[in-house]
Number of protein chains: 2
Amino acid sequence: MRPSDVPDLRDLELFREMPGERFDELMRGAYVQTFPPMVDLITEGDMSDFLHVVLEGRVELFASWNGRETTIATVEPISTFILAATVKDAPYLMSARTLEKSRLILLPSSDVRKVFDADGAFARSVVSELSARYRAVVKNTKNLKLRSSIERLANYVVHQYEIGGQNPEFDLPIEKRKIASFLGMTPENLSRAIRGLRSYGVEFDAQHVTISDLDALRGLAKPSPLIDDADLPSVF
Amino acid sequence: MRPSDVPDLRDLELFREMPGERFDELMRGAYVQTFPPMVDLITEGDMSDFLHVVLEGRVELFASWNGRETTIATVEPISTFILAATVKDAPYLMSARTLEKSRLILLPSSDVRKVFDADGAFARSVVSELSARYRAVVKNTKNLKLRSSIERLANYVVHQYEIGGQNPEFDLPIEKRKIASFLGMTPENLSRAIRGLRSYGVEFDAQHVTISDLDALRGLAKPSPLIDDADLPSVF
DNA sequence: CATATCACTTGATAATTATCAAGCATAAAT
DNA sequence: ATTTATGCTTGATAATTATCAAGTGATATG
C-alpha cells in the first residue's frame, strides 16, 4: 500500500471524522491494486468482500437480466462504491468493470463493518454518504420515469455543461454507447436524439459538444434541482 | 400522543437499539395525527420538517416534473419515510399523500438529527434502514431499465403471490392506476398488459387475481433475487 | 330510482423506442 | 499502406408504449 494514497482516502467524507487509530486499523488490512481496462472487478450476486475506492481511472457499474445489460453509473476518483452491500453484508446488486487503467483501494468488508460497529462517528459518515447515494438513485428514477429519451439527453448535456464550468464547448466524458445505456436507451436512439438536439442549438462532433443556444436547450431540458443536482461532491 | 403507539414504534428496527431515555426524548417532541384520504402530507422541494412514520393506513410517494407525475412507492404500516431528507437536512425529493384514512407519527427532523449526532447505535440503525432503501431503489431502477412493461407486470404479480403466502388467488393491494404509475406505464397500457397475461394463465377479475399456470408466469417473469427480493421487512 | 362519478377497458391512431442490416469513419494491427 | 476492428450513424421496419376518444360497469349521490 502506497503511503501517498492514504491522504487521499483520509479526505473522503467517509473517513474524515474517524479517529486516527481507527483509520490506521482500517488501512492495515487494505490493499491497493492497479487494473487494466475492461477488467471485471465484481459480479452482481456475489457477496461483498471489499469496499472499493477508486483512486485513479474510471469504473462502470452495470446490471444484467435475461441477457440484457444496462449501465447504472460510472464512478470516478475519488469515490467509493458498493457501500450499501458492504454494511449490509449482502450480495452486490451491480457488477463493476474498469473502463480504463484504474487504481483502486480495497478495504475488506469485515474490517469496515467492524469499525462501523465500534465507531459512531464512522456510522454517521456512512449515513451521510448513503443518504446522498439514495437520493441520487431516486433522482435517477424520476429522470427515467418522467422524461422522454431526448429530454434525458438534453438534461445530460446541460449537466455536463454545468459541471464543466459552464463552458459552451466540452467533450463527452464517456463513450456514447455508455451514455446511451446510462440514459436508458439504445445507441441508435441516442444517435437520433443527438440529431434532434440540433434544432435546439446543440452540435455534436464526435466527442465534442458545442452549445450555441443555451436558452433553447434549457427550454427543452427544463432541469430541476430535484432531479439533476447532485447531493454528492463526485459520482453520478 | 397515544401511549399505545409507542410500543409499535419501539419495535421498528430504527429505534430498537436505542437507549430508553433517548427514545423517550424523541417521543416527547413527536405527535400523532390522523389524516383523511387524499391529503397532501409533504411536497417535493420543501425542506424536511418531520420524519414520518405510518402507523395505519397507506401513503403514496410520488414525484412530478413538467406536468407529469409518477408513483415512486406506497408506504404501509409500520414504516418510516423520507429518512434520507431528514438526516441530510435536505429538500424532499418526493411528495406524499394519504391514499386512505391514515394515522402517522411525526418526529421533528431536528430532534432526529440531534439524537443521530449523539447516539452511535441510532446512527447504525439509520445506516441499516438507508442501505435497505438504497438497495430497493437500485432494484427498482434495474426493473425499469431491463424489463418491458409486461415483464414488469408479470414480476409484480409473482411478487404479490409470494408476499401473499403463495396463494394462487389474491387481491391487488392498490388501484390499478397506481400500479400502472408505479410500474412506469399508462393505465391503458396496464390494461393491455393484463390481457397479455391471460396467455400465461393469469386472470384478473377487477381487483381479484387468479394464477392458474405459475410455471408459465414464472417463465415470462424470470424473477431474480437481485431485482425482486426485498431487503426490508416492509415497504416497496 | 335515477343520475353522476370514477376507475377501468377498448379501439383507433400516433409517437416513441428498439431491432436489424448496412455503411462510414477512425484508429489500431499487420 | 492495407487490413481489421470498433464505435457510430443511417435507413427501413417492427415492436412497444402513449394519446385521444368513447364506452362500460360499478359505486356513490341526490
Side-chain angles (χ1 to χ4, degrees), chain A residues 36-38 58 60 65-71 74 97 99-101 143-157 171-199 202-209 220, chain B residues 36-38 58 60 65-71 74 97 99-101 143-157 171-199 202-209 220:
Chain A
M38 300 305 288
R58 212 189 298 260
E60 177 188 15
W65 178 78
N66 197 27
R68 297 164 219 171
E69 180 182 309
T70 191
T71 302
T74 59
R97 68 166 75 98
L99 290 176
E100 47 194 75
K101 188 162 174 285
N143 193 34
L144 283 172
K145 290 181 80 175
L146 293 168
R147 289 172 174 161
S148 70
S149 62
I150 194 171
E151 287 168 341
R152 295 200 293 278
L153 174 62
N155 278 287
Y156 181 83
V157 171
D171 288 314
L172 297 176
I174 51 174
E175 283 182 332
K176 284 183 184 168
R177 60 206 317 271
K178 300 289 181 198
I179 295 176
S181 180
F182 174 67
L183 294 177
M185 63 183 91
T186 58
E188 295 95 327
N189 194 21
L190 175 63
S191 256
R192 289 171 179 122
I194 283 173
R195 297 201 64 211
L197 283 194
R198 288 212 294 226
S199 21
V202 183
E203 288 292 331
F204 285 71
D205 181 17
Q207 298 287 95
H208 195 71
V209 182
L220 172 65
Chain B
M38 299 307 288
R58 212 189 298 258
E60 177 187 14
W65 178 79
N66 197 27
R68 297 164 219 172
E69 179 182 309
T70 191
T71 302
T74 59
R97 68 166 76 98
L99 290 176
E100 47 194 74
K101 187 162 174 284
N143 193 34
L144 284 171
K145 291 182 78 175
L146 293 168
R147 288 171 174 161
S148 69
S149 62
I150 194 171
E151 288 168 340
R152 296 200 293 277
L153 174 61
N155 277 287
Y156 181 83
V157 171
D171 288 314
L172 296 175
I174 51 174
E175 283 181 332
K176 284 183 185 167
R177 59 206 317 272
K178 301 288 181 198
I179 295 176
S181 180
F182 173 68
L183 294 177
M185 64 183 91
T186 58
E188 295 96 326
N189 194 21
L190 175 64
S191 255
R192 288 172 179 122
I194 284 173
R195 297 201 65 210
L197 283 194
R198 288 212 294 226
S199 22
V202 184
E203 288 292 331
F204 284 71
D205 181 17
Q207 298 287 94
H208 195 71
V209 182
L220 172 64

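In what follows, chains carry the letters A, B, and so on, assigned in the order in which the sequence lines appear, proteins first and then strands, with residues in each chain numbered from 1.
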Let me know the distance between [atom1] of [X] and [atom2] of [N], rounded to the nearest Å.
X: B/Lys176; N: C/dC6; atom1: NZ; atom2: P; answer: 19 Å
X: A/Gln207; N: D/dG7; atom1: CD; atom2: C1'; answer: 10 Å
X: A/Asn189; N: C/dC20; atom1: CG; atom2: P; answer: 15 Å
X: A/Arg195; N: C/dT17; atom1: CZ; atom2: C1'; answer: 17 Å
X: A/Leu153; N: D/dT9; atom1: CG; atom2: C1'; answer: 15 Å
X: B/Lys145; N: C/dT17; atom1: NZ; atom2: P; answer: 14 Å
X: A/Phe204; N: D/dT10; atom1: CZ; atom2: C1'; answer: 17 Å
X: B/Ile150; N: D/dT16; atom1: CD1; atom2: P; answer: 9 Å

Please tabulate, one pair per line, each protein N/O and nucleotide N/O from nucleotides 12-15 of chain C that are separated by under 3.5 Å, including the distance.
unit_1	atom_1	unit_2	atom_2	d
C/dA12	N6	B/Arg192	NH2	3.4

Just how far is it from atom [atom1] of [X] to atom [atom2] of [Y], taken to the nearest 0.5 Å?
X: B/Phe182; Y: B/Arg152; atom1: CZ; atom2: CZ; result: 10.5 Å
X: A/Met185; Y: A/Leu144; atom1: CE; atom2: CG; result: 9.5 Å
X: B/Asp171; Y: B/Asp205; atom1: CG; atom2: CG; result: 9.5 Å
X: B/Lys178; Y: B/Arg58; atom1: NZ; atom2: CZ; result: 11.5 Å
X: B/Ile179; Y: B/Leu172; atom1: CD1; atom2: CG; result: 4.5 Å

Student check: side-chain heavy atoms of [X] and [Y] closer than 4.5 Å:
X: B/Gln207; Y: B/Lys176; result: yes
X: B/Asn66; Y: A/Leu146; result: no
X: A/Asn143; Y: A/Tyr156; result: no

Tell me the bend of the helix from C/dC1-D/dG30 to C/dT30-D/dA1 as the angle between end helix axes, each from five pairs, rounded to the nearest 10 degrees.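 Answer for the end axes of this duplex: 30°.
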
If you check the [X] side chain, which of [options] turns out closest?
X: B/Ser191; options: C/dC8, D/dC8, C/dT17; value: C/dC8
X: B/Thr186; options: D/dG7, D/dT19, C/dT9; value: D/dT19
X: B/Ile194; options: C/dA7, C/dT9, C/dT17; value: C/dT9

How would you list, by chain and number, every residue that makes a side-chain hydrogen bond (donor to acceptor under 3.5 Å, both in side chains) with A/Arg177, sequence neighbours excluded?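 side-chain hydrogen bond (donor to acceptor under 3.5 Å, both in side chains) check on A/Arg177 returns nothing, list empty.
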
Where do [X] and [Y] come nearest, in terms of heavy atoms and distance?
X: A/Thr71; Y: A/Ser181; answer: N-OG, 2.6 Å
X: A/Leu153; Y: A/Ile194; answer: CD2-N, 3.6 Å
X: A/Lys145; Y: B/Thr70; answer: CE-OG1, 3.0 Å
X: B/Glu151; Y: B/Arg147; answer: OE1-CA, 3.3 Å

Taking only residues two or more places apart in sequence or in another chain, which ones pass salt bridge (Lys or Arg N to Asp or Glu O under 4.0 Å) with B/Glu203?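 With sequence neighbours excluded, B/Glu203 shows a salt bridge (Lys or Arg N to Asp or Glu O under 4.0 Å) to no residue whatsoever.
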
Where do N or O atoms of nucleotides 24-29 of chain C meet protein N or O atoms at under 3.5 Å, pair by pair?
none

What string of B, S and - do you get for nucleotides 21-29 of chain D, 5' to 3', when a contact is any protein heavy atom under 4.0 Å? ---------

